[in-house]
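As the structure is a computational prediction, the values presented were derived from the model and not from experiment. The figures that follow rest on heavy atoms only: side chains count, while hydrogens, waters and symmetry mates do not. Chain letters run A, B, ... following the sequence lines, proteins first, then strands; residues in each count from 1.
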Protein chains: 2
Amino acid sequence: MKLEKITNKSGRRYDDACGTAHGLELIGERWALLVVRELMFGPKRFGDLRAGLPGLSANVLTQRLEGLEAAGIVQRRKLPPPASVQVYGLTPWGLEAEPIISELGRWAARSPKHDPSLPLSAASMMLSFRTMFDAEEAGDASMVLGFRFGEEAFVVTVAEGELTARRGEADDADVVVTATPEQVAAAVYVDQPMPEGSVAGDAAVFARFASVFALPDKAVIE
Amino acid sequence: MKLEKITNKSGRRYDDACGTAHGLELIGERWALLVVRELMFGPKRFGDLRAGLPGLSANVLTQRLEGLEAAGIVQRRKLPPPASVQVYGLTPWGLEAEPIISELGRWAARSPKHDPSLPLSAASMMLSFRTMFDAEEAGDASMVLGFRFGEEAFVVTVAEGELTARRGEADDADVVVTATPEQVAAAVYVDQPMPEGSVAGDAAVFARFASVFALPDKAVIE
DNA sequence: CGGCATCCGGGAAGATACTG
DNA sequence: CAGTATCTTCCCGGATGCCG
């Protein structure tokens, strides 16, 4: 009694002209936006993506990458020899999805149910700097920090009320932090001390840096 | 040989401290963000929600509303007699999700695959005004428009480079439009003429109004 | 090892019918 | 009108295995 259900090419559409609905068709599937998040600081390999997204299985990651590539958000490239490795990177348009991630993160951080003690990827940590930076509080502070999370290194610059964060080694940093993303989050957002020896250089700079971030107040529901 | 899979109360978490990941747990399920969108201009009844979301079945809507209520995003209220009707409305925090919807919509409108000829709800149309308003283009224009989509009526005001849109009857409007959301979208975004008799009042005002919106350029992928 | 196909169990989404 | 009950379909997540 199978009714032939002529599958209309992809049964699960919203059929809605609204841009938001179309956005959900593009990046609304489970894990999709987090894959984009992981690529926000540059291309990554399949395995490195998995490392930043515990719980995401290989077959689902393959599906998401296929979908994102078909949508024009992700591009697979082959690094030139001698690397000759396949990597996945965002297209310029994909890169412009950052405000979505930021707004969603800023809003959700106010949830009473948000648990900041869970694991955190390096990309999340760096993006949260951009999202939670308080230009007012920073004033005219000027500093360069290096962060090293295992293999991944980042440079964060604060100057003229602006914060920039990018992948890369810090050559002229005031302070270099070698730790886990979770430890940095605890120090910056919950004012916990960093482990011994994890902060190399001017510790006062790191303390000042930590002071220019603040989690938003929790939303009051009733 | 079943391995006891101690189901941790809700098998599908992201286990990620990132605010974005938590946001996806709150409003990342299918349809959830669109339900929030439909409530952006005020509380609605169950059936009216369905009307704005064709394709969403009753049982799924029930699940979404339960989830959103548990998360503190939606509140069910009972209107005072003689209405005595149950409605669903956003909490103050839920209302603050609008930037997420806007950013997602603005970004997705640049997708090469976006099809603006699909059906459109009244709430989507009104939100798109807020999202796509070009203050620069508006200059010092000042006008009041009324929109009527079947039962729903809205007032849109442009003044001092700002646009406001809210539910309500337009008493002092320069022009009142009675049409479908799709027809308005075609007129505003694709410069098509409105049907005969759908624009009551100063037609020049509506023309000027339509000129202060523009769809963003399509993203170039390669 | 990285990338991807395949099989399977569980659960969410979708359609329809039914109830107060 | 506002949901609930039920059934089917499909997606997600885990395991395994193939191939470069």
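- Contacts of A:E25 classified as salt bridge (Lys or Arg N to Asp or Glu O under 4.0 Å), with partners at least two apart in sequence or in another chain: none.
- Between the CD1 atom in B:I100 and the CG atom in A:L104 there is a gap of 5.0 Å [rounded to 0.5 Å].
- For B:R37 and A:T20, the side-chain atoms include no donor-acceptor pair closer than 3.5 Å.
- A residue-by-residue look at B:V60 and A:R45 shows that A:R45 has its nearest nucleotide of DNA chain C further toward the 5' end.
- Within the structure, the side-chain hydrogen bond (donor to acceptor under 3.5 Å, both in side chains) test picks out the following pairs touching residues 95-105 of chain A (sequence neighbours left out): A:E96-B:R110, A:E98-A:R130, A:S102-A:T131.
- With sequence neighbours left out, A:Y88 forms a ring-ring contact (aromatic ring centres under 6.0 Å, His included) with no residue at all.
- If you measure from atom CD of B:E29 to atom C1' of C:dG14, you get 15 Å, rounded to the nearest angstrom.
- The separation between B:R30 atom CZ and D:dC11 atom P is 10 Å, rounded to whole Å.
- If you measure from atom OH of B:Y14 to atom P of D:dC12, you get 9 Å, rounded to the nearest angstrom.
- Spacing between atom NZ of B:K78 and atom C1' of D:dC1 amounts to 13 Å, rounded to whole angstrom units.
- When rounded to the nearest whole Å, the span between CD of B:E69 and C1' of D:dA2 equals 15 Å.
- Residues A:F209 and A:F133 place their aromatic rings such that the two centres sit no closer than 6.0 Å.
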Please list, pair by pair, any protein nitrogen or oxygen found under 3.5 Å from a nitrogen or oxygen in nucleotides 3-5 of chain D.
{"residue": "D:dG3", "atom": "OP1", "partner": "B:R76", "partner atom": "NH2", "Å": "3.4"}
{"residue": "D:dG3", "atom": "OP1", "partner": "B:Q86", "partner atom": "NE2", "Å": "3.1"}
{"residue": "D:dG3", "atom": "OP1", "partner": "B:Y88", "partner atom": "OH", "Å": "3.4"}
{"residue": "D:dG3", "atom": "OP2", "partner": "B:Y88", "partner atom": "OH", "Å": "2.9"}
{"residue": "D:dA5", "atom": "N6", "partner": "B:N59", "partner atom": "ND2", "Å": "3.3"}

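- Partners of B:F41 by ring-ring contact (aromatic ring centres under 6.0 Å, His included), not counting sequence neighbours, listed by chain and number: B:F154.
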So which protein nitrogen or oxygen atoms get under 3.5 Å of nucleotides 17-20 of chain D's nitrogens or oxygens?
none

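- At a non-hydrogen distance threshold of 4.0 Å, nothing from residues 35-44 of chain B comes into contact with DNA chain D.
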Side-chain donor/acceptor pairs under 3.5 Å, residues 143-150 of chain B, sequence neighbours excluded:
{"residue": "B:R148", "atom": "NH1", "partner": "B:G150", "partner atom": "O", "Å": "2.9"}
{"residue": "B:R148", "atom": "NH2", "partner": "B:E169", "partner atom": "OE1", "Å": "3.0"}
{"residue": "B:R148", "atom": "NH2", "partner": "B:E169", "partner atom": "OE2", "Å": "2.7"}

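- One atom, CD of A:Q63, and another, P of C:dA5, lie 10 Å apart when rounded to the nearest Å.
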- Strand DNA chain C as a dot-bracket string - pairs counted if Watson-Crick or G-U with both distances under 3.5 Å, | where the partner lies in another strand: .|||||||||||||||||||

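- At distances below 3.5 Å, at least one donor-acceptor pair connects side-chain atoms of A:E182 with backbone N or O atoms of A:L120.
- Applying the side-chain hydrogen bond (donor to acceptor under 3.5 Å, both in side chains) rule to pairs touching residues 54-65 of chain A yields A:S57-A:N59, sequence neighbours excluded.
- Atom CG of B:L61 is separated from atom C1' of C:dG14 by 13 Å (rounded to the nearest Å).
- Partners of B:Y14 by ring-ring contact (aromatic ring centres under 6.0 Å, His included), not counting sequence neighbours, listed by chain and number: A:W31.
- When only modelled atom types and interatomic distance are considered, A:E38 and A:S121 share a side-chain donor-acceptor pair under 3.5 Å.
- Straight-line distance from the CG atom of A:L56 to the P atom of C:dC4: 13 Å, rounded to whole Å.
- Between B:D115 and A:R13 no salt bridge is recorded (no basic side-chain N to carboxylate O distance below 4.0 Å).
- Residue B:W31 has its side chain nearest to C:dG14 when only D:dC12, D:dG13, C:dG14 are considered.
- Sorted by first and then second residue, the ring-ring contact (aromatic ring centres under 6.0 Å, His included) pairs involving residues 105-127 of chain B (not counting sequence neighbours) are A:H22-B:H114, A:W93-B:W107.
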